[in-house]
Amino acid sequence: MDYEKVYAMKFEKIYPLLTAKAEKKGRTREEVQRVICWLTGYTIEEIENAAKNSTTYGDFFRNAPALNPDRKLIKGVVCGVRVEDIEEPLMQEIRYLDKLVDELAKGKPMEKILRGTLWKCPKCGRAFAHTNQEHYCGEAPKTIEAYIEGQAEAVRPYLRQVNDTVKSALPDAAEKISWSMPTYWKKHNLIQFASFKKHIGLYPGPEAVEAFADRLSEYKTSKGAIQFPYDKPLPLALIAEIAKWCEKEYGET
């Protein structure tokens with residue numbers, strides 16, 4: 001598949017097709033909007049604006065305000081490929097949406113389609129994937145420090161510990177926000193992290209999780225992700241080792 005050709009398609013062309021697919025099976029435009037809000041964190045107004053201003057399909061997902069962490073629970077086959085096995089991150093995000101709309105069209109109840117809950121800020125109406133995320137209304141954070149400051153006060157110390165650890169381990173890596181998460185980058189994304197209601201998620205990639213599997217047995221892991229709960233001390237030395245491993249394995253390729 002030519003991924004770049006898909007990414008270059010206009011959202012204004014794709015959005016009506018997704019809506020029509022659901023409506024042909026008796027679902028509604030509002031349900032399609034709700035699914036997109038849940039998945040991406042966009043408000044309905046932002047979705048409609050993206051469908052009017054020549055946004056590409058790739059940029060629609062690249063600029064998503066708050067990708068729902070529960071999207072990783074989406075499983076199944078789209079276009080002959082299991083969405084959970086897609087290795088190209090941007091294409092996987094696109095296929096997540098395809099799968100959700102498929103489930104709508106097949107009559108699946110909305111409460112089962114939305115694997116998690118959608119919270120809307122009472123000030124600006126922006127949709128977020130989890131309820132503990134404070135933010136700058138109407139503006140997504142552009143730096144790691146802004147991301148940390150935008151989180152609930154109780155979790156900021158944990159985020160700063162992780163960030164300080166990764167920064168010390170990767171002094172030559174650039175800092176950025178990618179996929180709505182703090183990211184350390186050196187030719188490629190090396191490692192990312194994010195706050196959730198009960199844990200900090202660390203995203204070093206599937207290879208790193210496998211390489212450190214014997215030392216991660218007490219933590220919940222999934223493909224490419226590690227959960228460090230707030231009720232346990234953060235294993236900062238281990239996080240530093242994982243970050244250095246990522247730089248060695250990913251940074252020079």
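Just so we're clear, the structure is a prediction, and the values are computed from it rather than from any experiment.
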_Counting only heavy atoms not in K220 (residues, nucleotides, ligands), do more than 12 fall under 6.0 Å from its NZ?_
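Counting other residues, nucleotides and ligands, NZ of K220 stays at 12 neighbours or fewer.
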*Does K232 NZ have over 12 foreign heavy atoms under 6.0 Å away?*
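It does: K232 NZ has more than 12 such atoms within range.
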*asked:* Assess the residue pair L170 and I191 against the criterion (side chain to side chain contact (heavy atoms under 4.5 Å, CB included)); give the C-alpha distance rounded to whole Å, side-chain angles, the decisive distance to 0.1 Å, and a yes or no.
replied: CA-CA 10 Å; L170 304 175; I191 193 167; 4.0 Å; yes
Would you list the atom pairs, donor with acceptor, under 3.5 Å between side chains in residues 72-89 and any protein atom, with sequence neighbours excluded?
from: R82; atom 1: NE; to: E84; atom 2: OE2; distance (Å): 2.7
from: R82; atom 1: NH2; to: E84; atom 2: OE2; distance (Å): 3.0
from: E84; atom 1: OE1; to: G76; atom 2: N; distance (Å): 3.1
from: E88; atom 1: OE1; to: Y7; atom 2: OH; distance (Å): 2.3
from: E88; atom 1: OE1; to: L90; atom 2: N; distance (Å): 3.1
from: E88; atom 1: OE1; to: M91; atom 2: N; distance (Å): 3.0

*Are N163 and Y184 linked by a side-chain donor-acceptor pair shorter than 3.5 Å?*
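Looking only at side-chain atoms, Y184 and N163 do form a donor-acceptor pair, the distance falling under 3.5 Å.
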_Determine whether I226 and I200 satisfy the following criterion, side chain to side chain contact (heavy atoms under 4.5 Å, CB included), listing intermediate values before the conclusion._
CA-CA 8 Å; I226 308 163; I200 285 180; over 6 Å; no
Residues [X], [Y]: salt bridge by 4.0 Å N-O rule:
{"X": "E103", "Y": "R27", "result": "no"}
{"X": "R62", "Y": "E93", "result": "no"}
{"X": "K52", "Y": "E12", "result": "no"}
{"X": "E175", "Y": "K167", "result": "yes"}

*Run the numbers on M181 and I177 for side chain to side chain contact (heavy atoms under 4.5 Å, CB included), then give the verdict.*
CA-CA 5 Å; M181 293 186 287; I177 298 293; over 6 Å; no
_Pairwise side-chain contact, Q151 with S195, heavy-atom cut-off 4.5 Å (strictly under)_ =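 Of all side-chain heavy-atom pairs linking S195 with Q151, at least one is under 4.5 Å.
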_Side chains of F228 and I239, heavy atoms from C-beta outward: is any pair under 4.5 Å?_
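Contact flag for F228/I239 side chains = yes.
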*Non-hydrogen atoms of V32 and A22 that approach each other most closely*: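 Result for this residue pair: CG2-CB, 3.6 Å.
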_On a heavy-atom basis, which atom in T165 and which in Q161 lie closest, and how many Å separate them?_
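Closest heavy-atom pair between T165 and Q161: OG1-O, 2.8 Å.
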How many angstroms lie between atom [atom1] of [X] and atom [atom2] of [Y], to the nearest 0.5 angstrom?
{"X": "I36", "Y": "L100", "atom1": "CD1", "atom2": "CG", "result": "9.5 Å"}
{"X": "W245", "Y": "L238", "atom1": "CH2", "atom2": "CG", "result": "13.0 Å"}
{"X": "T40", "Y": "L97", "atom1": "OG1", "atom2": "CG", "result": "8.5 Å"}
{"X": "K99", "Y": "L104", "atom1": "NZ", "atom2": "CG", "result": "11.5 Å"}
{"X": "K10", "Y": "T55", "atom1": "NZ", "atom2": "OG1", "result": "8.0 Å"}
{"X": "R34", "Y": "T28", "atom1": "CZ", "atom2": "OG1", "result": "10.0 Å"}

_Walk me through whether K186 and E247 qualify under salt bridge (Lys or Arg N to Asp or Glu O under 4.0 Å)._
CA-CA 8 Å; K186 189 176 182 182; E247 181 177 37; 3.1 Å; yes
*Should Y230 and Y158 be marked as a ring pair (Phe, Tyr, Trp, His ring centres under 6.0 Å) after you check the CA-CA gap, both sets of side-chain angles, and the distance that decides it?*
CA-CA 8 Å; Y230 297 125; Y158 298 95; 5.0 Å; yes
*Applying the 4.5 Å side-chain criterion to the ILVMFWY set and letting contacts propagate, would V166 and Y219 be lumped into a single cluster?*
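Yes, V166 and Y219 fall within the same hydrophobic cluster.
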*Would a hydrophobic clustering, with Ile, Leu, Val, Met, Phe, Trp and Tyr connected at side-chain separations under 4.5 Å, put L202 with W185?*
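No, L202 and W185 fall in different hydrophobic clusters.
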*Please answer whether the main-chain N or O of D70 pairs with a side-chain N or O of N68 as donor and acceptor at a distance below 3.5 Å.*
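Such a contact is found between N68 side chain and D70 backbone.
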*Does T43 offer a backbone N or O that forms a donor-acceptor pair with the side chain of E46 under 3.5 Å?*
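Yes.
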*Any pair with a residue in residues 10-33 that passes ring pair (Phe, Tyr, Trp, His ring centres under 6.0 Å), sequence neighbours left out, goes on the list, sorted by first then second residue, please.*
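Residue pairs with at least one partner in residues 10-33: F11-Y15, F11-F60.
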*For side chain to side chain contact (heavy atoms under 4.5 Å, CB included), just list the numbers for R71 and L67, CA-CA rounded to whole Å, side-chain angles, deciding distance to a tenth of an Å, and then say yes or no.*
CA-CA 8 Å; R71 72 195 188 284; L67 291 167; 3.7 Å; yes
Listed pairs under 3.5 Å, donor-acceptor, residues 204-218 side chains, sequence neighbours left out:
from: E207; atom 1: OE1; to: Y250; atom 2: OH; distance (Å): 3.1
from: R215; atom 1: NH1; to: E241; atom 2: OE1; distance (Å): 2.8
from: R215; atom 1: NH2; to: E241; atom 2: OE2; distance (Å): 3.0

*After noting the C-alpha distance and the side-chain angles of D98 and R95, does the key distance pass the salt bridge (Lys or Arg N to Asp or Glu O under 4.0 Å) rule?*
CA-CA 5 Å; D98 288 337; R95 293 309 186 200; 2.6 Å; yes
